[in-house]
Every structure is written in C-alpha cells, then in structure tokens.
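This report refers to the structure that appears directly beneath it.
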Protein chains: 2
Amino acid sequence: MAAMARAATTSDAFNAIAEPQRRDILALLRAGERPVTDLAQELGMSQPRASKHLRVLREVGLVRVRGAGKQRLYGLDARGLRPVHEWVGGFERFWNESFDRLDTYVQDLKQTQQEE
Amino acid sequence: MAAMARAATTSDAFNAIAEPQRRDILALLRAGERPVTDLAQELGMSQPRASKHLRVLREVGLVRVRGAGKQRLYGLDARGLRPVHEWVGGFERFWNESFDRLDTYVQDLKQTQQEE
DNA sequence: TTGATGTATTCCGATATAGGAATATGATGG
DNA sequence: CCATCATATTCCTATATCGGAATACATCAA
C-alpha cells in the first residue's frame, strides 16, 4: 500500500454524494421507497448501473433495503447527511459576509496585477 | 472515451470536498489568508501535496490566491459551498422525521427476516 | 420443477486520481 | 546577475473507480 488512490466512494457520505447520479437517486427516494428498476428507468440509466450506485449508498448507510416479495424496496436514510450539512454549514457566515471581503479582495487583486 | 472513470475532482464542489484533507484546508482558511507552507505544516502534509490540493480547490472556485510579495496567500471563497449546503439541506426534514419511520421500518425488517 | 420477472454481481476497459520524489518556476534582496 | 526562499509542476506507481455487457442469483407463480 505504498501509493494510495482516491478515497473509496464507500468511505463516507461525502464521497458517496460526490457522484451526481447518486444524488439524483437520493432525491428521488425522498418521495418514498422504490425498487431499482423504477429508479433506473426514471433516471434513464441501466439497471445494473443503478444497482451499483445503490450498493454504494447502502454501504455508507444513506439507503436501506427491504425485501418486498419479488422486489427489493430501497428507502432513504438521511441521517448520514446530517454531518455533511453541519460541516458545510460551518461556512455559512463566510458566503454571506463575503461581499465586503471579496470587494476588498478584488481591489487588492487589481492593484497587485497593475504592479506586475 | 468509451468508458469513463469517476468524475474529476475539479468538476465541482461536491467532488472537491470529498477529500478530507481538502476539507481541513478549507476549515483552516476560515481563520484568514495563508500561504501554502503554513497550511502544509499545520496539517502535517508535504508542501507539494498541499499545493496540489489547493489547485483543485482553486479550480472549483472555493479558494482564491493573491500574490503578496514572495508569498502567495490563499483565501477562502465559500460561495461555492452554498449550493452544496442547499442540496443537503433538502434532506433535513428526513433525518429529523426519521425516528418514526425508522422504527416502523425496523419492525418491518424484523418481520421480514422472521419470515425468511 | 420450470418459467418468468426482478435484481445483483462479475469481467472488462479507460480513466482519474493521491502521494512521493525530484525538479521547475517565481519572486526578492543584494 | 546570483543566491535564496516560496511555491508549482512533472514523472511515476498503485489504486479505485464508472460504465457496458453478460451472467448469476433470487423469488414467485403455476
């Protein structure tokens, strides 16, 4: 294990939601439980692909499955998103107060460039 | 371009913040602008490594640089985190209301398992 | 059991990392 | 111009994807 590649998507929620299609899946699941085929069709992706994404989501705990007869119903378990929300929320005051800062920042930048 | 790998980290903020060390860098930058060397030392990583992470953050617009003499000061631009916060926030009521749902869910699950 | 439907997995190829080491580039002061 | 400090980039390796296609697995119905 000399060199390491990117962190596994299954390592945490941050990695799991980095993939747009997985975000789409999660968004759809807010409407309620659904089988893979449904999700795949609605999102215009193949069933195996949807299954793979769901597996990742399951492994980080953002999704739960339960067998319902022949089908397997996937449901949202959003608790894992809470830490993400909180982490990002820690920057809220920065994107709000940014106006002044950025203005002065941009001025500094222009000045710097003129000096070059 | 038959097969595609994972989305580039430079593609958007979601991918950029999937890396823990980049999150650490962003967190540090809340205290103010800083040069690479500072960040690298504080986070216990090599300078080239920090530079690479900063480049990614710059490319997605979460960070800005400005030359200050011999140094280059990196500063936070948190505006790109706002969409992330909003997306994740769209699940807030789900991780709050989850209690009941999960209780009934778990009951269903137990029942299902007993039936197996 | 067999057939049919729904789902998961495996095999494969192409790509995008992350990290280390070495090196290149940049800017400053004398 | 040169030496020095600060930073960025390149080369390399090992790895972890994502996607398609084919296939295995599972469950139900008759």
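Predicted model, so just to flag it, every value in this text is computed and none were measured. Convention: sequence-line order gives letters A, B, ...; per-chain numbering from 1. Side-chain atoms are counted along with the backbone in the values below, which use heavy atoms only and exclude waters and symmetry mates.
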Could you tell me how far apart [X] ([atom1]) and [N] ([atom2]) are, to the nearest whole angstrom?
{"X": "L54(B)", "N": "dT9(D)", "atom1": "CG", "atom2": "P", "value": "11 Å"}
{"X": "Q71(B)", "N": "dG29(C)", "atom1": "CD", "atom2": "C1'", "value": "15 Å"}
{"X": "R72(A)", "N": "dG6(C)", "atom1": "CZ", "atom2": "C1'", "value": "11 Å"}
{"X": "D12(B)", "N": "dT17(C)", "atom1": "CG", "atom2": "P", "value": "11 Å"}
{"X": "R55(A)", "N": "dG19(D)", "atom1": "CZ", "atom2": "P", "value": "16 Å"}
{"X": "L39(A)", "N": "dG6(C)", "atom1": "CG", "atom2": "P", "value": "14 Å"}
{"X": "K70(B)", "N": "dA6(D)", "atom1": "NZ", "atom2": "C1'", "value": "7 Å"}
{"X": "R66(A)", "N": "dG6(C)", "atom1": "CZ", "atom2": "P", "value": "17 Å"}

Measuring from the side chain of V36(A) (C-beta onward, heavy atoms only), which nucleotide among dG19(C), dA8(C), dT9(D) has the closest atom?
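Of dG19(C), dA8(C), dT9(D), dA8(C) is nearest to the side chain of V36(A).
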Quick check for you: among dG6(C), dA8(C), dA21(C), whose closest atom lies nearest to any side-chain atom of K52(B)?
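Of dG6(C), dA8(C), dA21(C), dA21(C) is nearest to the side chain of K52(B).
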Which of residues 40-49 of chain B sit near DNA chain D, with a heavy atom under 4.0 Å from it?
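Close to the strand are Q47(B), P48(B).
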Within residues 18-25 of chain A: residues closer than 4.0 Å to DNA chain D (heavy atoms):
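Listed by number, they are E19(A), Q21(A), R22(A).
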Please table the atom pairs, donor to acceptor, closer than 3.5 Å between any side-chain atom in residues 53-62 of chain A and protein atoms at least two apart or in another chain.
unit_1 : atom_1 : unit_2 : atom_2 : d
H53(A) : ND1    : R22(A) : NH1    : 3.3
R55(A) : NE     : E59(A) : OE2    : 3.3

Is there a side-chain contact between [X] and [Y] (heavy atoms, below 4.5 Å)?
{"X": "L81(A)", "Y": "F94(B)", "value": "no"}
{"X": "W87(B)", "Y": "V84(A)", "value": "no"}
{"X": "L76(B)", "Y": "R30(B)", "value": "yes"}
{"X": "D38(A)", "Y": "Y74(A)", "value": "no"}
{"X": "V88(A)", "Y": "W95(A)", "value": "yes"}

Please report the interatomic distance CG(L39(A)) to CZ(R34(A)), rounded to the nearest 0.5 Å.
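Spacing of CG (L39(A)) from CZ (R34(A)) equals 6.0 Å.
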Nearest-0.5 Å distance, CD of residue E19(A) to CD1 of residue I17(A):
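So the CD of E19(A) and the CD1 of I17(A) are separated by 11.5 Å.
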Please indicate whether Q41(B) has more than 12 foreign heavy atoms, meaning atoms of other residues, nucleotides or ligands, lying under 6.0 Å from its CD.
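Check fails, neighbour count at 12 or below.
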Check the phosphate of dA8(D) against Y74(B), side-chain N and O only, distance under 4.0 Å to OP1 or OP2. Yes or no?
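Checking Y74(B) against dA8(D): at least one side-chain N or O falls below 4.0 Å of OP1 or OP2.
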